[in-house]
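This report refers to the structure that appears directly beneath it.
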Amino acid sequence: MPMPWTYRHASKEFRAFLNDVKNRMGLASDNSAYTAVDAVFQVFRRRLAAQEGLDFASVLPCVLRAIFIKDWDVTVAPLAFSSRDEMTQEAKQVRRDHNLTPDNAIEATAWALRRSMDQRDLDRVLQKLSSAAQAYWAVDVSDPAELNQQII
C-alpha cells in the first residue's frame with residue numbers, strides 16, 4: 001500500500017492551510033493563526049462524543065488531525081452547541097494572554113479547512129453529526145470555486 005498523500009506532503013499541506021487562515025483572519029504570524037485554529041478545534045470538540053470526534057479527525061489532513069486531538073480529555077461530557085458568537089468568544093478565551101483570535105475565526109478556519117481537503121470527506125462525516133455541528137463548519141461563498149481544494 002502506498003503512503004497516504006497527507007503524510008507524504010504534510011508540511012506543504014499545512015503551510016497552505018496556515019497561509020489561508022492567516023489571510024482570511026487578517027493575522028500577521030503563524031503563531032497567532034495556530035492559536036486561533038487550535039481554539040476553534042477545541043471549541044468544536046468540546047461538543048462531541050469521543051467517537052464523533054475521532055470520526056471527524058479521521059478525515060482531516062494529518063497535521064490538523066494531530067492538532068484536533070492533542071490534549072483532548074475524552075472523559076469530559078460534551079457541551080451543547082451555542083451561537084457562533086458565543087463559541088467565538090469561547091475560542092478567544094483559549095490561552096487568553098497569547099490569543100489574537102478574531103471574530104471570524106470559526107468561519108475562517110472552516111473556509112481554510114474546506115480548501116485544504118476533499119470536502120466530500122468532510123461533508124460525509126458531518127452528515128453523521130447534529131445540524132449544529134454541520135452549521136459550525138458551514139461557509140457561505142458567492143462562488144463555490146473559492147472553496148476548491150488548493151493542494152491536490
Side-chain angles (χ1 to χ4, degrees), residues 4-49 51-70 72 78-95 98-152:
W5 193 94
T6 189
Y7 297 153
R8 185 174 299 279
H9 302 283
S11 294
K12 181 179 178 182
E13 193 175 53
F14 184 59
R15 175 81 267 148
F17 169 82
L18 205 57
N19 286 342
D20 272 351
V21 164
K22 277 193 331 191
N23 292 335
R24 191 79 171 184
M25 290 188 197
L27 295 171
S29 77
D30 289 349
N31 291 335
S32 296
Y34 167 81
T35 296
V37 168
D38 183 38
V40 167
F41 279 168
Q42 286 185 45
V43 168
F44 182 67
R45 77 179 189 211
R46 285 180 190 142
R47 286 151 175 85
L48 301 178
Q51 190 60 57
E52 292 172 327
L54 291 173
D55 291 345
F56 176 79
S58 74
V59 299
L60 296 177
C62 69
V63 174
L64 298 178
R65 184 180 315 147
I67 294 168
F68 184 80
I69 63 171
K70 183 183 182 303
W72 185 12
L79 301 174
F81 280 89
S82 53
S83 73
R84 188 170 268 194
D85 287 341
E86 290 170 318
M87 291 185 289
T88 298
Q89 291 309 311
E90 183 180 334
K92 289 180 175 190
Q93 296 306 308
V94 173
R95 288 190 301 280
H98 303 284
N99 191 328
L100 301 173
T101 300
D103 291 339
N104 73 335
I106 295 172
E107 183 276 335
T109 302
W111 183 84
L113 183 62
R114 289 186 172 279
R115 288 168 49 94
S116 70
M117 61 183 294
D118 187 333
Q119 290 186 56
R120 294 171 297 189
D121 292 337
L122 179 61
D123 290 335
R124 176 181 42 78
V125 169
L126 290 175
Q127 286 175 0
K128 297 176 184 176
L129 301 178
S130 69
S131 59
Q134 294 171 34
Y136 191 89
W137 297 106
V139 179
D140 290 324
V141 292
S142 56
D143 180 6
E146 182 180 330
L147 298 176
N148 287 348
Q149 189 173 1
Q150 299 303 296
I151 299 189
I152 299 177

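- Using a 4.5 Å heavy-atom threshold, the side chains of Gln42 and Arg46 count as touching.
- Other residues, nucleotides and ligands contribute more than 12 heavy atoms inside 6.0 Å of the CZ atom of Arg15.
- Remark: of the listed residues Leu147, Val59, Val139, Leu147 is the sole one forming a side chain to side chain contact (heavy atoms under 4.5 Å, CB included) with Gln119.
- One distance of note links CG of Leu126 with CZ of Phe56; it measures 6.0 Å at 0.5 Å rounding.
- Distance check: Ser32 OG to Lys22 NZ gives 9.5 Å after rounding to the nearest 0.5 Å.
- Considering only heavy atoms from C-beta on, Asp140 stays 4.5 Å or farther from Glu107 through its side chain.
- Side-chain contact between Phe81 and Ser130 is present, with at least one heavy-atom pair separated by less than 4.5 Å.
- If you run side chain to side chain contact (heavy atoms under 4.5 Å, CB included) between Val21 and each of Leu113, Val40, Val37, only Val37 comes through.
- Using cut-offs of 30° and 60° on the angle between ring planes, the pair Phe17 and Phe14 is parallel.
- Leu48 and Gly53 make their closest contact through CD1-CA, 3.7 Å (heavy atoms, listed as atom of the first residue, atom of the second, distance).
- The nearest pair of heavy atoms linking Arg65 to Leu60 is NH2-O, 2.7 Å.
- For the atom pair Ile106 CD1 and Met87 CE, the distance stands at 5.0 Å (nearest 0.5 Å).
- The existence of a salt bridge linking Glu146 and Arg24 is confirmed by a sub-4.0 Å separation between a basic side-chain nitrogen and an acidic carboxylate oxygen.
- Gln127 and Asp123 share no donor-acceptor pair across their side chains, judged by distance under 3.5 Å alone.
- In this model, no donor atom of one side chain and acceptor atom of the other lie less than 3.5 Å apart for Asp85 and Gln89.
- Leu129 contributes atom CG, which lies 13.5 Å from atom CZ of Arg47 (distance to the nearest 0.5 angstrom).
- Of all heavy-atom pairs between Arg45 and Ile67, the closest is NH1-O, 3.9 Å.
- The NZ atom of Lys92 sits 14.0 Å away from the OG1 atom of Thr35 when rounded to the nearest 0.5 Å.
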- Evaluate the criterion side chain to side chain contact (heavy atoms under 4.5 Å, CB included) for residue pair Thr109 and Trp137; output intermediate values, then yes/no. CA-CA 8 Å; Thr109 302; Trp137 297 106; 4.0 Å; yes
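- Atom NZ of Lys12 and atom OG1 of Thr6 lie 12.5 Å apart (nearest 0.5 Å).
- Residue Ala91 comes nearest to Ala39 through the heavy atom pair O-CB, 3.3 Å, listed as atom of the first residue, atom of the second, then distance.
- A pairwise comparison of heavy atoms in Ala112 and Asp20 identifies CB-CB, 3.7 Å as the closest pair.
- Of all heavy-atom pairs between Arg84 and Ala138, the closest is NH2-O, 3.4 Å.
- Between Arg124 and Asp55 there is no salt bridge, since no side-chain nitrogen of the basic residue lies less than 4.0 Å from a carboxylate oxygen of the acidic one.
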